[in-house]
Amino acid sequence: MYPFQFESAASEQDAIALLGANPDARFLAGGTTLVDLMKHDVERPARVVDINQLSLTTVEEIDGGGLRIGAMVRNSDLANHPLVRERYPVLSQALLAGASPQLRNMATTGGNLLQRARCQYFRDVANACNKREPGSGCSALHGINRIHAVLGTSEQCIATHPSDMAVALAALDAIVRVRGAGGERTIPLVDFHLMPHDRPDRETRLEHGELIVSVDVPPLPFAKRSLYIKVRDRASYAFTLASAAVALDVRDGVIRAARIALGGVATKPWRVPDAESALENTSADGAAFGRAAELALSGAVAREHNAFKIELAKRTLIRALTRAAAIA
Amino acid sequence: MSIDTTRRAESVGEPLDRVDGRLKVTGAATYAAEYPLHDVAHAVLITSSIAKGRVRRIETAAAERVPGILAILTPQNAPRLPGVQAGNTGARGPAARGAASMRVPTILQNDEVHYNGQPIGLIVADTLDHALAAHDVIRVDYAAEHPVLDMDTAPRNPPESVHPLGGARTFRLGDVDAGLGAAEVKVDHTYTTPLENHNPMEVHNTLAAWEGDRLTLYESTQGIFSVRNTVARQFGIAPENVRVIAHFTGGGFGSKGGAWSHETLAAMAAKRVGRPVKLMLTRRQMFGPTGGRPRTVQHVTLGAKRDGTLTAIRHYSTSNTSTLEDWIEPALSQTRMLYASPNIETQYDVVRINVGSPTFMRAPGESTGTFALESAMDELAYALGMDPIQLRLANYAEVDPENNHPWSSKSLRECYRVGAEKFGWGRRNMAPRTMRDGRWLVGYGLATATYPARTAPASTTARLLPDGRAVIVAGTQEIGCGTYTVMSQIAADALGVPPDRVTFELGETTMPETPASTGSVTAASTGSAVYQAANALKQKVVSMGLRPGESYESFIKRSGGQPIEVTISARPGPEQQQYSMHSFGAVFTEVRVDPDLALVRIPRIVTAHAVGKVLNLKTATSQIQGGVIWGIGMALLEETQIDPNNGRYLNADLAEYKVPVNADVGTIDVHFIDEHDPHVNAIGVKGAGEIGITGVAASIANAVYHATGKRVRDLPIRIEKIL
């Protein structure tokens with residue numbers, strides 16, 4: 001731990017200006033990632049800008065049955081919001097599968113999108129990590145990599161994206177609204193996070209000085225029967241080994257549309273369009289689900305300790321699709 | 001209020017609420033780091049980021065410029081402690097052991113690095129923030145060497161010595177090869193258990209203050225006298241000049257049985273800066289500097305006749321230690337005494353690698369050893385096609401096979417019977433994968449629990465106050481077991497007063513000496529001393545003229561108004577050499593396994609234990625439940641990960657070092673067998689602290705086999721092992 005400057009933002013403009021003025025500044029929302037990493041010297045902001053006074057705390061209906069989720073809506077409030085539970089159970093379930101009640105009470109929607117890797121090598125400065133210190137190497141490649149990703153990896157980084165919420169939002173085609181000094185823009189959630197390639201330190205398309213103001217979830221009527229299944233080492237309070245966010249539109253036993261995203265196995269929330277299109281206009285049965293699972297994991301690359309995740313993710317997806325078909 | 005001192009009180013055994021419960025839940029119980037000393041300075045450790053080598057230089061110039069920095073201790077500038085022979089830890093053999101047991105490099109007496117995360121320095125500042133800020137700009141220059149980290153390829157050695165807990169390195173009864181030759185059925189497998197770390201809720205803390213050459217340590221410890229003796233020896237001062245205080249300790253589980261390095265470093269720093277110094281370890285520093293369970297590789301061979309009679313038991317255990325000292329996981333004790341077999345052989349080996357020194361961890365030896373032995377017994381039951389309880393009964397040891405001594409008491413048959421009945425063992429269909437509940441595979445598993453019943457010397461003072469209340473004083477520790485409560489109950493019964501008329505005081509080395517709160521000895525040892533002291537006090541008052549039916553208060557009033565006091569020293573009797581003394585139990589587990597996703601759930605565990613007299617049903621039940629929950633963690637979750645290249649502790653926090661959460665724990669139905677042991681000690685207590693975890697991992701692994709047909713011999717049983 002080391003000295004840093006602490007500022008409290010009174011408005012969105014204020015927050016953007018305070019952050020933009022210092023290239024080593026970070027926003028502080030729920031603090032469930034940032035404070036932890038500061039204690040471990042992994043995050044070393046020169047300035048911390050507290051945005052807890054901002055009024056980005058509402059969930060509002062938008063055109064055609066969608067929701068606009070304020071960036072500062074807490075995970076527990078969002079998970080239990082009646083409209084979320086009714087229209088997007090996958091989102092509610094993903095949120096409740098994450099962290100612990102205490103953490104969910106603090107963690108925010110915007111912060112959750114920006115939470116950083118749980119890779120042990122990233123979180124301990126005694127190890128080499130390209131994400132933390134570009135060019136220093138990746139200790140995980142030849143270390144203990146049981147919790148690491150099998151999809152979207154590079155030789156520079158194999159850290160898994162830790163969010164459950166973002167996996168559901170990826171399946172729901174959510175849109176991230178961000179505001180910077182030059183005004184507002186939108187980024188589709190599936191494009192928001194970056195794969196590591198040769199720059200694992202660059203994790204999102206967010207520019208420095210930009211503030212997430214909301215996450216917009218478009219209407220998706222069949223998401224009423226969506227769900228999230230998460231597999232982890234213990235029954236609660238553990239990060240995902242494999243998860244699936246699934247929504248199926250099934251009519252007369254035939255799948256008209258599918259939304260599938262995977263968690264715990266990839267370097268970003270992992271939407272699988274090939275698996276979705278393979279399911280469209282097929283009958284909702286085990287054979288189709290098995291094919292979709294094979295497609296979803298087709299590009300997977302295993303390391304020494306995480307090969308099981310490939311099979312586990314397939315089975316998790318099949319389980320999720322089977323359940324979704326049963327309630328569709 | 002008049003007290004009938006002649007009534008037969010019956011506090012012992014009752015589920016009395018903890019007498020310190022209110023203090024704890026209101027935050028009024030004071031733990032080591034919380035004592036409000038004046039002018040306290042704050043210290044943080046500098047730890048190594050290599051696993052083997054030497055510290056060439058610690059660059060402290062930038063750190064010294066941070067405001068409020070009082071001192072930075074390094075291997076170069078730390079005072080040489082008169083009681084420590086520095087520089088000879090490379091030597092092995094008995095002559096080096098005194099120095100080695102002090103873990104010389106970890107108290108800055110030389111520049112060696114033996115594991116990644118080892119203490120190599122200490123920063124002292126006026127505030128914790130300043131100390132942390134200075135820590136941030138410390139740079140260390142190492143002469144690094146290639147560490148030895150892979151236990152499977154490192155050289156295997158006979159240990160220099162084995163702790164008395166574990167017995168001799170090699171034990172041979174009969175002729176195991178002949179026994180195996182005569183066997184009609186054999187099982188022969190290797191079982192492994194991983195590195196684990198204790199992780200009590202309260203981290204290790206020290207608050208050190210000198211007055212002249214007298215040192216006071218407020219300490220989070222299970223052994224105030226043990227810490228006192230080690231620190232006094234190192235500083236070369238008389239033990240009476242070191243006062244250790246621990247009124248409450250937030251769990252220890254073996255990691256706080258004696259001194260590590262932080263006590264000495266805090267005392268060293270306090271002397272250097274002339275102020276009290278507080279050193280609280282971080283959670284990360286609980287991985288390495290304060291011990292843990294070593295990895296074990298255990299090879300078990302069992303031979304039996306078709307009727308289940310064991311013709312031979314062979315159990316070899318290899319565990320890792322550090323390169324600082326030999327500490328051997330005593331995993332073979334139970335194998336020498338649990339089953340009647342004419343031929344038994346056990347042997348320890350050790351592998352020295354660059355990790356922190358291992359130490360006692362709840363049920364040291366029996367927790368890991370019963371996993372191997374009781375898994376192997378289950379495998380033998382399947383090889384024979386015999387019910388696992390029947391197999392165990394067929395080999396029931398009526399005397400201790402190790403030495404032919406009779407048992408002081410043994411109620412294991414009752415444990416099997418009561419446990420099986422409460423659990424519904426009779427509903428079990430023996431073949432694996434034959435019981436289901438919807439998509440869940442159901443498995444029932446069983447294992448035997450056992451732990452030695454030890455009693456050590458202990459002293460106690462018992463005092464009657466003029467108002468008739470009693471104060472009982474013993475230098476023991478409250479580590480969460482309920483010591484304040486059960487000692488009050490024992491004294492109350494002996495004195496014939498209700499427990500709320502008794503105050504029990506503990507946790508200072510100026511009090512009568514008792515053993516460390518380890519190895520399930522406290523209730524038996526200190527409890528016996530408390531019982532004898534309270535009895536002696538009552539006898540004294542009677543001999544002074546207490547009339548039948550007269551209250552203590554009335555007696556003291558008419559006989560001068562002064563407190564009356566006795567101090568006694570209780571010693572274990574000759575029965576210790578005449579009998580074998582052990583607790584026993586049986587652990588029954590039901591698991592549910594999702595066959596597709598390989599999820600293991602444990603809806604219920606039923607235990608039946610015989611631990612001699614139960615002093616307090618509530619705290620004893622808590623002890624067993626706590627042990628069982630830890631057993632669930634051992635079976636399914638716990639493993640300390642070490643990087644294979646640099647030896648760094650990888651999951652050194654409570655998010656990634658996984659222990660069970662509430663959602664992982666189903667019903668734990670605890671039963672105690674009513675057991676009267678006239679030999680074990682004055683109060684018939686065998687202790688319940690350690691036995692709760694023994695057998696649990698095997699019981700769960702056996703249930704997983706029953707559910708899935710998959711035998712997991714390598715803990716923890718994670719998803720990938722049964723997918």
Side-chain angles (χ1 to χ4, degrees), chain A residues 1-4 32 36 38-41 44 99-101 103 118-128 137 139-147 162 229-239 241-244 304-320 322, chain B residues 44 47-50 66-67 116-117 128-137 282-284 439 594-602 632-633 636-639 641-656 658-666 716 718-723:
Chain A
M1 205 69 181
Y2 59 96
F4 58 90
T32 57
D36 219 21
M38 285 173 71
K39 287 181 181 173
H40 291 111
D41 282 339
R44 302 173 58 86
S100 67
L103 289 166
R118 297 301 302 187
C119 170
Q120 310 96 317
Y121 299 96
F122 167 69
R123 292 173 62 83
D124 177 6
V125 296
N127 290 296
S139 299
L141 282 177
H142 302 290
I144 305 285
N145 44 37
R146 175 175 183 266
I147 64 173
I229 290 185
K230 166 170 172 170
V231 178
R232 49 189 153 179
D233 278 320
R234 60 185 165 195
S236 179
Y237 187 51
F239 285 89
L241 291 171
S243 70
E304 187 176 353
H305 305 108
N306 66 358
F308 75 99
K309 279 190 168 188
I310 298 173
E311 180 63 22
L312 185 65
K314 289 178 191 170
R315 294 189 190 187
T316 304
L317 177 55
I318 292 168
R319 172 69 58 82
T322 308
Chain B
V44 298
T47 57
S48 69
S49 58
I50 63 163
V66 173
N116 205 324
L128 181 60
D129 292 338
H130 285 147
L132 290 169
H135 184 270
D136 193 54
V137 294
T282 63
R283 183 58 63 181
R284 168 167 279 285
R439 71 184 154 85
D594 181 318
D596 299 323
L597 302 182
L599 302 172
V600 177
R601 297 288 181 258
I602 304 181
I632 293 172
L636 302 182
L637 298 168
E638 283 193 60
E639 176 175 18
Q641 293 172 339
I642 303 271
D643 180 73
N645 302 303
N646 67 10
R648 194 79 181 157
Y649 285 79
L650 291 176
N651 55 344
D653 62 54
L654 290 179
E656 303 302 338
K658 294 190 181 72
V659 300
V661 296
N662 274 330
D664 294 301
V665 181
R718 282 198 299 234
I719 284 172
E720 59 266 40
K721 296 179 189 169
I722 50 174
L723 194 65

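Lettering of chains follows the sequences in order, A, B, ..., and the numbering in each one begins at 1.
In terms of heavy-atom proximity, A/Tyr237 sits nearest to A/Arg232 at N-NH1, 3.7 Å. A/Val231 and B/Leu599 make their closest contact through CG1-CD2, 3.7 Å (heavy atoms, listed as atom of the first residue, atom of the second, distance).
When heavy atoms are compared at a cutoff of 4.5 Å, B/Glu720 approaches chain A by way of both its backbone and its side chain. For B/Leu654, the part sitting under 4.5 Å from any heavy atom of chain A is the backbone (N, CA, C, O) and nothing else. Residue A/His142 touches chain B through both its backbone and its side chain, counting heavy-atom pairs closer than 4.5 Å. Looking at A/Ile318, neither its backbone nor its side chain comes within 4.5 Å of chain B, counting heavy atoms on both sides. B/Leu723 touches chain A through backbone and side chain together, each having a heavy atom under 4.5 Å away. Of the two parts of B/Asp664, the backbone and the side chain both hold a non-hydrogen atom closer than 4.5 Å to a non-hydrogen atom of chain A. For A/Asp41, the part lying under 4.5 angstrom from a heavy atom of chain B is the side chain only. Of the two parts of B/Ile642, only the backbone, made up of N, CA, C and O, holds a non-hydrogen atom closer than 4.5 Å to a non-hydrogen atom of chain A. Both the backbone and the side chain of A/Arg234 come within contact range of chain B, with heavy atoms under 4.5 Å apart.
A cation-pi arrangement is not found for B/Arg284 relative to B/Tyr649, the charged atom failing to lie both closer than 6.0 Å to the ring centre and inside a 45° cone about the ring normal.
The greatest number of non-hydrogen atom pairs below 4.5 Å with chain B, out of A/Arg123, A/His40, A/Arg44, is found for A/Arg44. Per-residue heavy-atom pair counts under 4.5 Å with chain A were compared for B/Val661, B/Val66, B/Asn662, and the maximum is reached by B/Val661. Your options are B/Asn646, B/Ile719, B/Leu132, B/Leu650, and the one with the most heavy-atom pairs under 4.5 Å with chain A is B/Leu650. By number of non-hydrogen pairs under 4.5 angstrom with chain A, the leading residue of B/Ala134, B/Pro644, B/Pro660 is B/Pro644.
For A/Asn306, there are no side-chain hydrogen bond (donor to acceptor under 3.5 Å, both in side chains) partners at least two apart in sequence or on another chain. Judged as a side-chain hydrogen bond (donor to acceptor under 3.5 Å, both in side chains), and not counting sequence neighbours, the contacts of A/Ser100 are A/Gln102.
A salt bridge links B/Asp594 with B/Arg439; the closest basic N to acidic carboxylate O contact falls under 4.0 Å.
For B/Lys658 (side chain) and B/Leu636 (main-chain N/O), no donor-acceptor pair under 3.5 Å exists by modelled atom type.
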I'd like to know whether B/Gln641 forms a side-chain hydrogen bond (donor to acceptor under 3.5 Å, both in side chains) with A/Gln120, so could you lay out the CA-CA distance, the side-chain angles of the two residues, the decisive distance to 0.1 Å, and finally the verdict. CA-CA 10 Å; B/Gln641 293 172 339; A/Gln120 310 96 317; 3.2 Å; yes
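Taken to the nearest 0.5 Å, the CZ atom of A/Arg315 stands 10.0 Å off from the CZ atom of A/Arg319.
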